[in-house]
Amino acid sequence: MGDPATPPSSELAAMAIVDGASLKHPFSDRVPVRSIVCRPDGGAGLAGNRVRAGGWVKTGREQGKGSFAFLEVNDGSCPANLQVIVDAGVEELSTLVQTGTCVSVEGVLKVPPEGAKQKIELRVERVLHVGPTDPAKYPIPKTKLSLEFLRDHVHLRPRTNTISAVARIRNALAFATHSFFQEHGFLYVHTPIITTSDCEGAGEMFQATTLINEAEKLEKELIENPPPTEADVEAARLTVTQRGEIVAQLKAAKATRDDISASVAELKIAKENLSRLVERAKLKPGIPKKDGKIDYTQDFFARQAFLTVSGQLQVETYACAVTSVYTFGPTFRAENSHTSRHLAEFWMVEPEIAFADLQDDMNCAEAYVKYMCGWLLDKCFDDMELMAKLYDKGCIDRLRMNVEWGIDLASEHERYLTEDIFKKPVIVYNYPKGIKAFYMRLNDDLKTVAAMDILVPKVGELIGGSQREERYEVIQRRIAEMGLPLEPYEWYLDLRRYGTVKHCGFGLGFERMVLFATGIDNIRDVIPFPRYPGRADL
Ligand SMILES: NC(=O)C[C@H](N)C(=O)O
């Protein structure tokens, strides 16, 4: 003893007794609640172990006339709580029992008395930390709260059962995504967020340079249309007095003076606006400056740049070089949309495969969605059970279903098709060319393109994909036909000019997959920080 590197005896006990490697968190002294209760025996086999555990109190009550307290503690590692029993005297019980209090405790795991719901409980011997909460102010009390209400408390909502389960399901789906594509030899390629190309050509891009463009526009306007100067005002006055007729002179003078003072006022406002905008723009990091002034000669911010709507065009460059690739990142749509299926910022998984056609594309999409369903059943069953209980009795069956694919339909009635006609996912393909993007391959009928959408019950479109037009002349004609400028797509056309190859790909809306899996109704509840009109604060 006396050696500063030797931990206190209680810590030694914790390390020695708790089946260390398998139970203890690798980078903290705690044992995650999951390691204690999410076991086939519900944790009973761990009785006698000394552990440290921590989390947030879901519910708490004092028992035995205040001689001890029962706490249901959750640390987000699984949907289940750990029952924790604290004797009076160890800590102020009235603080501990408040919903939302954070506790970190050390004690011994015990099998509870006969008839108890849980198979194991923690008898506390030492309280290591208490983060109290004021029950009068805490916005997330233990009563059932609507998801809509929770949207106004985005920073505290992960403390709820639903939002923490969604976080785990989302995490599992992301892991499954990488696992699926990596297992099948796809390369993960990071595509850019800031870009000048509008992949869908739908004009729904967020401008990345609004501020600078406003300042630039105003400055240009003032140069082209300079407002009157003081000298102009004086000259105008002189002209007025030199005029012959007094009456006309007075009338003219009045009119001119009014005009002039209006112009001067406008000038003042314009100048103020300009300097305010320029000042604000100067504060923005990353804007190119020369001698303290914005440097418009530099290409990047001086040109219009946008937030990407899809990584597809860029990821195609890698598919046409390294064959099988995917990108997975945030994408943006500046639509003023208030539906439960749209977000201004959402995540998309976009694979792209060379030497593959539309049928291959559909096969890949089918295998990928089935893989994710299997993964959730395997790795997140307890969270799925919670979703089935709270939101949608059918969600587990939906994951289990043997998806029926490839029903041949050439029309686009999304949820109607999946909910009323087929109660299963359907693929709709070969769409009329007029309603689809320029990059989709023109079919031999010259009327339709090799596009496909996968529509699923409850959600509608989950996946949109296509075989890409690999023929230089055809794609060039399609771009022109759709009234798009050729110049921004020159690099894209190079892929067809040099070593072209048939290829295909699709985009899966990641949040829509979470909706499909969980049965939750609104897309704003399946992304940690939803972005929709009016919402971007946190
Ligand atoms: N990668 C894809 O095919 C997705 C498609 N570009 C879309 O945004 O819908």
Side-chain angles (χ1 to χ4, degrees), residues 177 180-181 186-193 195-206 306-320 323-335 337 341-354 356-369 412 414 427-433 435-442 449-456 459-470 475 478-479 482 484 488-489 491-492 495 502-513 523:
T177 295
F180 175 82
F181 288 111
F186 287 62
L187 227 69
Y188 180 26
V189 172
H190 299 109
T191 46
I193 303 286
T195 176
T196 57
S197 30
D198 181 359
C199 172
E200 294 306 302
E204 286 170 349
M205 300 184 94
F206 274 108
F306 302 92
L307 299 179
T308 186
V309 297
S310 159
Q312 180 203 319
L313 301 189
Q314 286 89 353
V315 93
E316 275 187 57
T317 66
Y318 273 74
C320 295
T323 314
S324 302
V325 292
Y326 69 107
T327 184
F328 179 16
T331 50
F332 308 84
R333 303 272 157 114
E335 359 171 46
S337 153
R341 298 285 175 274
H342 294 89
L343 287 167
E345 179 178 316
F346 61 99
W347 285 63
M348 192 146 61
V349 179
E350 301 187 276
E352 195 72 29
I353 324 169
D357 61 16
L358 189 66
Q359 188 57 54
D360 299 316
D361 207 28
M362 294 194 244
N363 293 346
C364 177
E366 171 185 344
Y368 169 44
V369 173
E412 55 299 318
E414 308 192 347
I427 305 187
V428 181
Y429 63 94
N430 288 343
Y431 280 78
K433 65 172 183 177
I435 59 165
K436 288 289 183 182
F438 71 93
Y439 53 72
M440 297 184 172
R441 193 178 197 279
L442 190 61
V449 287
M452 62 102 176
D453 282 349
I454 296 184
L455 315 174
V456 298
V459 174
E461 184 187 335
L462 173 67
I463 285 179
S466 64
Q467 185 173 336
R468 319 307 190 190
E469 183 55 78
E470 85 284 13
I475 195 160
R478 291 275 293 142
I479 293 176
M482 296 183 92
L484 296 167
Y489 298 104
W491 63 268
Y492 188 71
L495 303 178
K502 77 172 170 184
H503 61 289
C504 62
F506 63 83
L508 169 132
F510 192 67
E511 284 71 28
R512 292 194 174 182
M513 182 63 207
I523 200 160

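Just so you know, ligand 1 is whichever comes first in the structure, and atom 1 is the first atom listed for that ligand.
- Of the candidates Thr331, Thr317, Thr327, Thr191 forms a side chain to side chain donor-acceptor pair (under 3.5 Å) with just one, namely Thr327.
- Within ligand 1, counting atoms from 1 as listed, the ones closer than 4.0 Å to a heavy atom of Glu200 are 5 (C), 6 (N), 7 (C), 8 (O).
- Counting heavy atoms under 4.0 Å from ligand 1, residue Cys199 touches it through the side chain alone.
- Taking a 4.0 Å cut-off on heavy atoms, Met348 registers as neighbouring ligand 1.
- Compare Gln312, Glu350, Met440, Arg333 by their heavy atoms: the one nearest to atom 8 (O) of ligand 1 is in Arg333.
- With no hydrogens or angles considered, a side-chain donor-acceptor pair links Gln312 and Tyr439 at under 3.5 Å.
- Of the candidates Met440, Arg441, Arg478, Met482, Lys433 forms a side chain to side chain contact (heavy atoms under 4.5 Å, CB included) with just one, namely Arg478.
- When each atom of ligand 1 is checked for a heavy atom of Ser310 under 4.0 Å away, the hits are 6 (N), 8 (O).
- Remark: Arg333 does not engage Glu200 in a salt bridge, criterion side-chain N to carboxylate O under 4.0 Å.
- With Tyr326 as the fixed residue, the ring-ring contact (aromatic ring centres under 6.0 Å, His included) test singles out one of Tyr368, Tyr188, Phe506: Tyr188.
- Ligand 1 lies less than 4.0 angstrom from a heavy atom belonging to Arg468.
- Neither the backbone nor the side chain of Tyr326 comes within contact range of ligand 1; no heavy atom lies under 4.0 Å.
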request  = Show your reasoning for whether side-chain hydrogen bond (donor to acceptor under 3.5 Å, both in side chains) applies to Glu316 and Tyr492.
outcome  = CA-CA 9 Å; Glu316 275 187 57; Tyr492 188 71; 2.6 Å; yes
